[in-house]
Amino acid sequence: MDQTPLLSFLNSAELQAFASGFPILLLHVGVTLVMLTLGATLYAILTPWREISLIRNGNSAAAVAFGGVLAGLAIPLAASLSASNSTLEIIVWGVATVLVQLLAFRLTDMILAGLPERIRDGEISAAVLLVSAKLAVALILAAAVTV
């Protein structure tokens, strides 16, 4: 069997680029996932209605609302990951977007007063409205990061 094609593949620029880039990809994804986890944890701590315990008790509205939080944090984090050129830049923009998004979430919760209580009571319609507002803010923040 001729080993030349295999050796050619193993020495190819594409495979070498993959071998050098894959660890960086894992690092960048890992850093971004850590920021997502920290942002979601901060949100859960700062939220007065304790969505996690509501979810554990079977509250579907709380699950929808918290799912919106995760997506709302992930969208600008993904944009900062895409727009950054280094791990440090990902961290700087990621922390900035998480903090801005958490502030926007709190403002959204205040503007849409009464929704947290309705979510606590299990109203899916309130959760969907809250998620929609949070995702809208997330998309605008993501677009701002990529400019």
Side-chain angles (χ1 to χ4, degrees), residues 8-147:
S8 178
F9 172 72
L10 292 175
N11 291 322
S12 69
E14 296 83 7
L15 189 59
Q16 297 302 318
F18 174 80
S20 65
F22 189 67
I24 295 169
L25 172 124
L26 292 176
L27 174 64
H28 290 180
V29 169
V31 165
T32 304
L33 288 173
V34 166
M35 286 187 289
L36 175 63
T37 302
L38 291 174
T41 301
L42 276 172
Y43 179 84
I45 290 168
L46 297 174
T47 301
W49 54 89
R50 305 294 176 233
E51 286 172 328
I52 300 301
S53 65
L54 292 173
I55 293 167
R56 285 186 181 132
N57 290 325
N59 186 318
S60 297
V64 169
F66 196 73
V69 168
L70 292 174
L73 288 168
I75 290 168
L77 280 171
S80 68
L81 176 62
S82 176
S84 299
N85 295 315
S86 69
T87 304
L88 181 58
E89 196 174 356
I90 292 168
I91 292 168
V92 169
W93 281 110
V95 167
T97 59
V98 165
L99 292 176
V100 169
Q101 193 64 332
L102 289 174
L103 176 63
F105 286 173
R106 291 301 298 146
L107 290 174
T108 301
D109 292 342
M110 289 172 23
I111 291 169
L112 300 175
L115 287 183
E117 292 79 20
R118 292 172 58 195
I119 290 169
R120 190 176 19 237
D121 294 338
E123 288 186 40
I124 298 292
S125 59
V128 170
L129 179 59
L130 192 59
V131 167
S132 299
K134 290 178 179 181
L135 291 178
V137 172
L139 290 169
I140 292 167
L141 179 58
V145 167
T146 60
V147 173

- prompt: Is any side-chain heavy atom of Pro23 less than 4.5 Å from a side-chain heavy atom of Leu26?
  reply: no

query: Can you tell me how far CD1 of Ile119 sits from OG of Ser125, rounded to the nearest 0.5 angstrom?
result: 9.5 Å

- prompt: With side chains defined as the heavy atoms from C-beta onward, is the minimum distance between Leu130 and Arg118 less than 4.5 Å?
  reply: no

message: Treating Thr108 as the side-chain partner and Ala104 as the backbone partner, does any N or O pair qualify as donor plus acceptor under 3.5 Å?
response: yes

Heavy-atom closest pair, residues Leu81 and His28: CD1-CB, 3.7 Å

- request: Show your reasoning for whether side-chain contact (heavy atoms from CB on, under 4.5 Å) applies to Leu99 and Leu103.
  value: CA-CA 6 Å; Leu99 292 176; Leu103 176 63; over 6 Å; no

- prompt: Which is it for Leu107 and Met110 under the side-chain contact (heavy atoms from CB on, under 4.5 Å) test, yes or no, and what are the steps along the way?
  reply: CA-CA 5 Å; Leu107 290 174; Met110 289 172 23; 4.2 Å; yes

query: Shortest non-hydrogen contact from Thr97 to Leu141?
result: O-CD2, 3.6 Å

Short side-chain to backbone donor-acceptor contact, Arg120 and Leu115, under 3.5 Å: no

query: Do Tyr43 and Gln101 come close enough that some side-chain heavy atom pair is under 4.5 Å?
result: no

Nearest heavy atoms of Ala83 and Val145, plus distance in Å: CB-O, 4.1 Å

task: To the nearest 0.5 angstrom, please state how far the OG atom of Ser20 sits from the CG atom of Leu15.
output: 9.5 Å

- request: Heavy atoms only: give me the nearest Val64-Ile124 pair and the separation to one decimal.
  value: CG2-CD1, 4.4 Å

task: Report yes if some heavy atom in the side chain of Leu73 is under 4.5 Å from a heavy atom in the side chain of Phe105; otherwise report no.
output: yes

field: Distance-minimising heavy-atom pair for Glu123 and Ala61
entry: O-CB, 3.4 Å

- request: Inspect the surroundings of CZ in Arg56 and state if more than 12 heavy atoms from other residues, nucleotides or ligands are less than 6.0 Å away.
  value: no

Exam field: side chain Ser80 to backbone Leu77, donor-acceptor pair closer than 3.5 Å: yes

- request: Any chance you could measure Thr87, atom OG1, to Leu27, atom CG, to the nearest 0.5 Å?
  value: 4.0 Å

message: Please report the interatomic distance CG(Leu139) to CD1(Ile75), rounded to the nearest 0.5 Å.
response: 4.5 Å

query: If you take all heavy atoms of Ala127 and Ala65, which pair is closest and at what distance?
result: CB-N, 4.1 Å

task: First locate atom CG of Asn59, then atom CD1 of Ile52, and finally report the distance between them rounded to the nearest 0.5 Å.
output: 11.5 Å

